[in-house]
> 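My questions will all concern the structure given below.
Every number for a ligand or one of its atoms is a count from 1 in the order of the listing. Index from 1, following the sequence.
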Amino acid sequence: MKINNHKLPEHALSGQRQLTSFHFGQPGVGEKIYLQAGLHADELPGMLVLHYLKRLLSQAERRGEIQSEIIIVPIANPPGMAQVLLNSGIGRFDLISGRNFNRDFPDLAKLVQQRLEAATSSEKETTPQQIRRAMADALQDLPALSEVDALRQHLLMLACDADLVLDLHCDDRAILHLYADPAWRAAVGVLARFLHIDTVLLSQDSGGGSFDEACGLPWHRLAAHYPELAPACMAVTVELRGQQDVSHSLASADAERIYQYLQHRGAIAGVVPEVPQREVVMLPFSAGEIVNAPASGLLLLLRQPGEWVAKDEVVAEIIDPITDTVKAVRAKAGGIIYASRRAPFVTLGAEVMKIAGKTPYTGGGGLAS
Ligand SMILES: [Zn+2]
């Protein structure tokens, strides 16, 4: 295992942080696989999973079983880790810019396109290898306008030329689920089975420049200009349940499942495990809804993550103990509740839960991690 420390620019006078990546296998041998956790720095389950996975990979390395390049970044957001307020981590939004840490990644398709247009006709090749090289060169040339911009560039530099990217997140309170590009539907089904994930949300371009889409989407965008190009990077956001779901038993089991999936892909030698038999529900992202609070008050969930609910069904109540009003909270379109609020109170308009149905509807979507 090789350890690389990537220095970030000083965020303040005399203040400098670094991003640490762990490398297994050899570049150019087998596939390239990239896993990171904690891009939203207050989402800790994935960090513990990668702690366990790193241990499994180190053991495999000692046995000489690593057959692909595998990169692990257990803490993808050192600046976010440092954002602590009243003893709680505030890791979803950058407190300097107010922006979500999982947005605003550079558009590699645009950057590569510009380079290809400027290239002479003999240099203008569009094999996957050349596109990957152009992506890395374009990122190298980008100016880092802030510490967080530099962080985004470093993360993309590590991941943009990978065959597989797993970005580990979690929700407030949630079942295991993942977000993926419908172009990879079949392969994602296999990944989901290995990870014991029964709910998959499919979306190709939800907007905003999230990390997974920054890795996978450029191939679709470039294919519009160069039809011979096929998607070459399966980038998936895995939601490892809720923020409080940090335990030895969950994390070691998740790491074991990822390890078996990597064996299935041929990245690690050994007896290739069978694909687990379980039903995976694939739902269009545009059929998702966020249920918002119609009033402020005490929140009582009547239905929980993992349950299917019908259109207009009452899923929660909000109680005002001064007026004794009990307000019903209803699902608009219905579907499976895959995430919910943990705190038992809400202010008007706050998110109560996330539901994904089978049929897209007007006003659906917009729930990316
Ligand atoms: Zn997240």
> Can an N, O or S atom be found in Glu43 less than 2.8 Å away from the Zn ion (ligand 1)?
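Coordinating: yes.
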
> Check whether the side chains of Tyr261 and Arg257 place a donor and an acceptor atom closer than 3.5 Å, and report yes or no.
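No, no side-chain donor-acceptor contact under 3.5 Å.
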
> Checking one value in my table: which N/O/S atom of His40 lies closest to the Zn ion (ligand 1)?
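Minimum-distance N/O/S atom of His40 relative to the Zn ion (ligand 1) is ND1.
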
> Any luck finding a side-chain donor-acceptor pair between His6 and Asn4 under 3.5 Å?
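No.
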
> The Zn ion (ligand 1) is nearest to which N, O or S atom of His169?
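The nearest such atom is ND1.
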
> Run the numbers on Asp141 and Arg115 for salt bridge (charged side-chain N to carboxylate O under 4.0 Å, His left out), then give the verdict.
CA-CA 11 Å; Asp141 289 351; Arg115 294 181 90 83; 3.1 Å; yes

> Asn100 and His40: side-chain donor and acceptor closer than 3.5 Å?
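Short answer, yes.
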
